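Input: a single structure, listed below in structure tokens.
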Amino acid sequence: TTLKAGYILTAWLESDAVEDTWQKIYTIHKKLLSQNDKIVVKYRTEENSPTEATITWADIDRFTTTADLSSYEVGDEIQILQGKWAGICLKIESITESGGTYTVIHNKTFANTFDGTAKVLFNKWKYIGEATYGNGQSKAHTITTSNISPRIQFKICFEFTGKNELRKLHIVNKPHIKE
């Protein structure tokens, strides 16, 4: 009954041509056992340097930090590294700055009131979609933006309460430039 969270990263997948149009990724998985279970799919086509920060919880869906987040925007990723809910991957819903302090609202409302601090990692993963309880045993996730590149990497985040499992990934791509 306890929520468990984690993620896997694929290796960088290289185009067999000069560059490919990366179209879809399918998650093939055991039927999810709870309405709270989900598999979140993200990707990136460029490497970047993430930002580690200490945050102070302000509410169940927001926190503040004095780390420089000027290069981050709505949709970018927050991964909780240490503290309550460590392992969870979140998405920035809103980010504002005032006097060097950033206030971030994320996409998940936790059931518990938060106080204190946590360590998080900000990164430029692009959200594609998620498989949830009602999706059966496979889910197609369409890649619609920034999807032409010589390579791609996927991050698959899990939130499970039961014994769910990811069985495999299937990636659909086609050559964009072939010489």
Side-chain angles (χ1 to χ4, degrees), residues 2-13 22 24-30 32-65 67 69 71-95 102-112 114 116-133 135 139-147 152-169 171:
T2 302
L3 178 70
K4 297 167 283 300
Y7 68 93
I8 61 169
L9 296 177
T10 66
W12 280 95
L13 306 174
W22 304 94
K24 288 186 181 189
I25 179 171
Y26 288 83
T27 53
I28 296 93
H29 49 85
K30 195 172 162 182
L32 301 180
L33 302 173
S34 162
Q35 290 185 352
N36 297 322
D37 295 350
K38 64 180 164 179
I39 300 170
V40 178
V41 181
K42 302 175 182 189
Y43 78 102
R44 65 182 177 179
T45 55
E46 296 178 9
E47 290 183 68
N48 65 302
S49 296
T51 300
E52 188 174 316
T54 298
I55 63 163
T56 301
W57 291 107
D59 204 344
I60 57 176
D61 67 347
R62 72 190 68 221
F63 57 81
T64 61
T65 184
L69 303 181
S71 66
Y72 294 94
E73 58 191 17
V74 171
D76 287 341
E77 182 187 71
I78 311 154
Q79 180 184 346
I80 302 175
L81 299 175
Q82 182 182 24
K84 185 133 178 125
W85 299 101
I88 293 279
C89 297
L90 305 168
K91 182 172 57 167
I92 296 173
E93 292 288 323
S94 167
I95 186 167
Y102 288 84
T103 300
V104 177
I105 298 174
H106 58 78
N107 66 313
K108 189 169 185 71
T109 302
F110 294 105
N112 300 349
F114 284 90
T117 62
K119 294 271 188 202
V120 301
L121 193 67
F122 291 88
N123 214 325
K124 293 288 191 174
W125 290 97
K126 294 178 178 82
Y127 174 88
I128 304 173
E130 54 191 58
T132 58
Y133 177 73
N135 292 135
K139 174 75 174 166
H141 309 277
T142 302
I143 306 166
T144 58
T145 59
S146 304
N147 63 337
I152 195 166
Q153 185 179 36
F154 293 97
K155 182 174 188 175
I156 315 299
C157 303
F158 306 98
E159 293 180 28
F160 293 156
T161 52
K163 292 184 177 183
N164 295 299
E165 68 182 54
L166 177 68
R167 292 191 173 140
K168 71 177 182 175
L169 300 172
I171 291 100

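Model, not experiment: these values are computed from the prediction.
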From K91 atom NZ to I105 atom CD1, the distance as rounded to the nearest 0.5 Å: 14.0 Å
Candidate pair W22 and I171, rule side-chain contact (heavy atoms from CB on, under 4.5 Å), full reasoning: CA-CA 8 Å; W22 304 94; I171 291 100; 4.0 Å; yes
Full working for side-chain contact (heavy atoms from CB on, under 4.5 Å) between E52 and L81: CA-CA 9 Å; E52 188 174 316; L81 299 175; 4.2 Å; yes
Distance-minimising heavy-atom pair for K24 and T142: CE-OG1, 3.5 Å
Pair I78-F63, side-chain contact (heavy atoms from CB on, under 4.5 Å): steps then yes or no: CA-CA 11 Å; I78 311 154; F63 57 81; 4.0 Å; yes
T10 side chain vs F154 backbone, donor-acceptor pair below 3.5 Å: yes
Side-chain donor/acceptor of K139 to backbone N/O of H29, under 3.5 Å: no
Residue pair L90 / I88, side-chain heavy-atom distance below 4.5 Å: yes
Gap between atom CZ of F122 and atom CD of Q79 - 0.5 Å precision: 11.5 Å
Test log, rule side-chain hydrogen bond (donor to acceptor under 3.5 Å, both in side chains), inputs D37 and T161: CA-CA 6 Å; D37 295 350; T161 52; 2.9 Å; yes
Within 45° cone of F160 ring axis and under 6.0 Å: K4 NZ or CZ: no
Heavy-atom pair with the smallest gap, counting every atom of E159 and C89: OE2-O, 4.4 Å
Rounded distance (nearest 0.5 Å) linking atom CG of N123 with atom NZ of K42: 9.0 Å
Residues which pass salt bridge (Lys or Arg N to Asp or Glu O under 4.0 Å) with E165, listed by chain and number, not counting sequence neighbours: R167
Under the salt bridge (Lys or Arg N to Asp or Glu O under 4.0 Å) test, residues paired with K155 that sit two or more places apart: E77
Results of side chain to side chain contact (heavy atoms under 4.5 Å, CB included) for T65 - residues two or more places apart only: A53, I55, A67, L69, Y102
Side-chain heavy atoms of W12 within contact of E47, under 4.5 Å: yes
Heavy-atom closest contact (A140 atom, Y26 atom, distance): CB-CE2, 3.3 Å
Aromatic plane relationship, H106 with W57 - under 30° parallel, 30 to 60° tilted, over 60° perpendicular: perpendicular
Sequence neighbours excluded, every pair satisfying salt bridge (charged side-chain N to carboxylate O under 4.0 Å, His left out) that has a member inside residues 118-127: D76-K124
Side chain proximity check, I156 to I39, heavy atoms < 4.5 angstrom: yes
Partner of T27 under side chain to side chain donor-acceptor pair (under 3.5 Å), chosen from H141, E130, K168: H141
Residues in salt bridge (Lys or Arg N to Asp or Glu O under 4.0 Å) contact with E73, at least two apart in sequence or another chain: none
With sequence neighbours excluded, residues passing side chain to side chain contact (heavy atoms under 4.5 Å, CB included) with Y133: Q35
P50 to N48 - nearest heavy-atom pair and separation: CD-O, 3.4 Å
Check: Y72 side chain, T51 main-chain N or O, donor-acceptor pair, under 3.5 Å: yes
CD1-CD1 distance between I143 and I128, expressed to the nearest 0.5 angstrom: 4.5 Å
Residue pair I25, Y43: steps toward the side-chain contact (heavy atoms from CB on, under 4.5 Å) verdict: CA-CA 10 Å; I25 179 171; Y43 78 102; over 6 Å; no
Flag, side chain of S34 to backbone of N36, donor-acceptor distance under 3.5 Å: yes
Min side-chain heavy-atom separation V120-T54 under 4.5 Å: no
